[in-house]
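Okay, structure first, notes after.
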Amino acid sequence: MGFADQRFNVNLSILFTELPLLERPAAAAAAGFTAVELWWPWIETPTPEQSELDALKKAIEDAGVQLTGLNFYAGQLPGPDRGALSVPGEESERFRANIDVAIAFAQSLGCTTFNALYGNRVDGVDPAEQDALALENLTLAAQAVGRVGGTILIEALNQPESPKCPIVSAPKAVEIVDQVNEATGLGNAKFLMDLYHLSMNGEDLPSVIEQYAAKTGHVQIADNPGRGAPGTGSLPLEDLLDQLTKAGYDGWVGLEYKPGDKPSAEAFEWLPREARAAR
């Protein structure tokens, strides 16, 4: 057991960001990885020009890496936003406009896993109104994803860094997962277990894994404190991933950490090169 027994992908929206977007897939491949994931790359628009979609698709294909996860449009991320689907008005409409675009792009690369970030609370708007809108939009997205045999993910963020986001614990995220599955009857909503965010919330990570591994559709990691590579903080990430494996999780583990003050290509020393290619 250990890191060498996991299936890792590289999140190209937080690693290799010193490079232009279209150069990042090849950089991940040069570092020995064969799978990548992305936040929605076009933060200004949910519906980019087809030429932009085609260029990124070609960059991923030319690099010989597999796209294994994609966020739906989530507003300014990184930045002040934490999602769009619970935000009334223009942002909700942008999320809806993005659903089919994101699914078509991802599916063209063989990817059917989508992260739907909830969004911040809005001053002056009833939280119940936001939650009703969120469930409506998540239901639409889950149904659309279901048509391609895919999975929609609900992620818990962390309260210190996302104080206006209401999904800041594993139980709350799983509660939303259950609501979406009940609304659709599809069972294709899953929990995105980000061990960094959960640790920032002070949650008991072994207990979270024990309770929710069966409802988990994706895992992401970064060490804490610092959101750096494994070994830069104090989280027992190798042990936690071993526990997940023993609990039956056999999906991807997304590397969603900051490279620090060195180039991203040098931020993988903790993982032997022979363990980077997906198995």
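Positions are given from 1 along the sequence.
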In the hydrophobic clustering that connects Ile, Leu, Val, Met, Phe, Trp and Tyr at side-chain heavy-atom distances below 4.5 Å, which members other than Leu192 occupy its cluster, ordered by chain and number?
Leu153
Is any side-chain heavy atom of [Y] closer than 4.5 Å to one of [X]?
| X | Y | result |
| --- | --- | --- |
| Thr17 | Ser264 | no |
| Pro46 | Val101 | no |
| Leu195 | Met193 | yes |
| Leu235 | Leu205 | yes |
| His218 | Phe114 | no |

Counting N and O atoms only, with roles assigned by atom type, does the side chain of [X] sit under 3.5 Å from a partner on the main chain of [Y], one being a donor and the other an acceptor?
| X | Y | result |
| --- | --- | --- |
| Asp223 | Ser234 | yes |
| Gln243 | Pro206 | yes |
| Thr34 | Val65 | no |
| Trp40 | Trp42 | yes |
| Asn98 | Tyr73 | yes |
| Asn201 | Glu203 | no |
| Arg82 | Cys165 | no |
| Arg227 | Tyr196 | no |

Residues Arg96, Glu136: salt bridge by 4.0 Å N-O rule
yes
Can Asp131 and Arg121 be counted as an ion pair, charged N to O under 4.0 angstrom?
yes
Identify whether [X] and [Y] are in the same connected component of the hydrophobic contact network (ILVMFWY, side-chain heavy atoms under 4.5 Å).
| X | Y | value |
| --- | --- | --- |
| Leu186 | Leu140 | no |
| Val168 | Val174 | no |
| Val148 | Ile152 | yes |
| Phe16 | Ile43 | no |

Any luck finding a side-chain donor-acceptor pair between Thr139 and Gln179 under 3.5 Å?
no
When you compare the side chains of Trp270 and Glu238, does any donor N or O come within less than 3.5 Å of an acceptor on the partner?
no
Taking ring-ring contact (aromatic ring centres under 6.0 Å, His included) as the test, write out the residues that go with Phe33, two or more places apart.
Phe268
Who passes salt bridge (charged side-chain N to carboxylate O under 4.0 Å, His left out) against [X], sequence neighbours left out?
| X | result |
| --- | --- |
| Asp239 | none |
| Asp178 | Lys215 |
| Asp62 | Lys58 |
| Glu18 | none |

Under the side-chain contact (heavy atoms from CB on, under 4.5 Å) rule, what do Phe8 and Ile221 come out as? Steps first, then yes or no, please.
CA-CA 10 Å; Phe8 292 107; Ile221 63 169; 4.1 Å; yes
Looking at every heavy atom in both Thr68 and Ala35, which two are closest together, and how far apart are they?
CG2-CB, 3.9 Å
